[in-house]
Amino acid sequence: MNAVFPGSFDPVTSGHMDVLTRASRIFDHVTVTVMHNARKQGHHLFSLEERLEILREATGHLPSVSVDSFSGLLVDYMRQQQKGIIIRGLRAVSDYEYELQIAHLNRQIGEVETVFIMAATRWSFVSSTMVKEIASYGGNISEMVPRASAAALRRKFAEQYAEREVGLKSPSGEG
Ligand code: PNS
């Protein structure tokens, strides 16, 4: 059976990768699809093309995974592409209420089933939003994201990383 793992992926995190890897062991094929989240409108750090590029690099080692994008309703995408199941990751109970609502709505408007996959506990506190915040101050995010995301974040926040490195070498900020 085929599945779709939809999300904003701005950028893809180690938590997403964990869910995706688990899903790829269960389903014949998984498409990671970058979708538009109306709640995050205007808050994206990476363009759609950048997010796709990062995802392509991060998933290159998974033969049964492909990367796609769609702008519109997820249920329309599922119907058009004749995909079977929606996969969503759950980190903690706090994710559940929101995810339950979306899953019920997608079943009501499109008769599509959602399967939840629990991310490993070590990723419970990792989100794209937090990773971007840490990176924006030049902090170390290398454990929390795949290498492709870390490199893209370093490029985006090159100035902050350079400044922080200088600051760490010389706590007084001199020389
Ligand atoms: O990674 P995210 O931001 O939690 O993913 C949410 C996403 C993009 C899967 C969700 O917003 C979505 O499905 N957007 C497409 C539009 C849609 O179908 N909306 C109805 C369900 S909320």
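Both ligands and their constituent atoms are indexed starting at 1 by order of listing. Numbering starts at 1 and runs along the sequence shown. All figures in this text were calculated on a predicted structure; none of them were measured in a lab.
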- prompt: For ligand 1, which atoms, with element, lie under 4.0 Å from some heavy atom of K40?
  reply: 1 (O), 2 (P), 3 (O), 4 (O)

- prompt: Could a heavy atom of L73 be found less than 4.0 Å from some atom of ligand 1?
  reply: yes

statement: Taking only non-hydrogen atoms of L74 and a 4.0 Å limit, the atoms of ligand 1 in range are 13 (O), 17 (C), 18 (O)

- prompt: Heavy-atom distance to atom 14 (N) of ligand 1: which of H36, H16, H43, R88 wins?
  reply: H36

- prompt: Is the F5 ring parallel, tilted or perpendicular to the H16 ring (thresholds 30°, 60°)?
  reply: perpendicular

Quiz item: cation-pi between R51 and F9, 6.0 Å / 45°: no

Contact with ligand 1 for Q101, non-hydrogen, under 4.0 angstrom: no

- prompt: Any donor-acceptor pair under 3.5 Å linking the side chain of D18 with the backbone of A120?
  reply: yes

message: Looking at R56 and E49, is there a salt bridge between them, counting it only when a charged N and a carboxylate O are closer than 4.0 Å?
response: yes

message: Check whether R22 reaches the backbone of A119 with its side chain - one donor and one acceptor, N or O, closer than 3.5 Å.
response: no

field: G72 heavy atom under 4.0 Å from ligand 1
entry: yes

query: What's the verdict on side chain to side chain contact (heavy atoms under 4.5 Å, CB included) for T121 and S124, showing C-alpha distance, side-chain angles and the deciding distance?
result: CA-CA 5 Å; T121 48; S124 302; 4.0 Å; yes

message: Please list the nearest protein heavy atom to atom 8 (C) of ligand 1 with its residue and the distance rounded to 0.1 Å.
response: M35 CB, 3.5 Å

task: Would you mind telling me which of V32, L62, I87, T59 makes a side chain to side chain contact (heavy atoms under 4.5 Å, CB included) with S24?
output: L62

- prompt: Can you check whether N37 has an N/O within less than 3.5 Å of an N/O in ligand 1?
  reply: yes

query: Is the shortest distance from atom 17 (C) of ligand 1 to a protein heavy atom below 4.0 Å?
result: yes

query: Short list, please: which atoms of ligand 1 are under 4.0 Å from a heavy atom of S8?
result: 1 (O), 2 (P), 3 (O), 5 (O)

